[in-house]
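Below you'll find the structure, written out as structure tokens, and then a few comments.
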Amino acid sequence: MSGRRSLTVNVADLLRRPGQQRDASLDAVLDGLQVLGSKVPEGAQVHVEAHLESLNEGVVVKGTTEAPWVGECRRCLRAVEATLSSPILEVYEPHPSEGETQLLQGGEIDLEPVAREAVLLELPLAPLCRDDCAGLCPRCGVDRNEVACACGTEETDPRWAGLENLRLDD
Ligand SMILES: [Zn+2]
Ligand SMILES: [Zn+2]
């Protein structure tokens with residue numbers, strides 16, 4: 001399973017009468033899924049699991065979007081990678097209401113815009129390698145997850161550094 005595929009689903013079979021149901025499992029490579037602190041790696045597949053059900057004039061889609069992401073820990077700068085999962089719930093109809101429902105056209109629905117938005121909402125802006133990451137020492141720069149440096153544990157606010165020097169000079 002590689003290469004570019006689409007998240008378009010033909011739902012003509014469901015539209016014959018309301019209440020028809022079907023599951024769909026789709027994968028596609030979507031470009032440009034990136035926020036400040038993380039992104040879906042280039043060429044990685046976004047996976048959509050969807051349950052489709054027809055209405056009088058449309059289709060309801062319930063499911064989840066999954067995608068791998070990579071980023072950099074905001075405290076220790078080490079590479080972080082994980083998989084995100086985000087719920088989707090959308091109504092597709094021939095005459096969609098702006099911002100509320102999606103377009104159903106030619107017996108097809110396109111899950112890409114919805115999957116794209118779901119991934120972008122879920123990508124972490126400031127990832128952590130783990131919740132209790134100790135980060136880098138602000139003085140000597142060692143990774144405090146691995147090394148206990150001699151700088152002490154008290155937080156030094158750089159604004160007070162000047163005052164400390166003044167006291168030493170006295
Ligand atoms: Zn970290
Ligand atoms: Zn240190």
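Start at 1 and go down the list; that is how both ligands and their atoms are numbered.
H47 and Q45 are not linked by any side-chain donor-acceptor pair at a separation below 3.5 angstrom, with hydrogens and angles left out of the test.
A donor-acceptor pair is defined here as one N or O able to donate and one able to accept, closer than 3.5 Å; no such pair exists between the side chain of T64 and the backbone of S86.
With values rounded to the nearest 0.5 angstrom, Y92 atom OH is found 9.5 Å from L52 atom CG.
Counting heavy atoms from C-beta on, the side chains of V114 and T65 never come closer than 4.5 Å. Between L103 and D110 the shortest side-chain heavy-atom distance does not fall below 4.5 Å. Side-chain contact between V48 and I88: present, with at least one pair of heavy atoms (C-beta onward) separated by less than 4.5 Å.
Of all protein N/O/S atoms, those lying under 2.8 Å from the Zn ion (ligand 2) come to 4.
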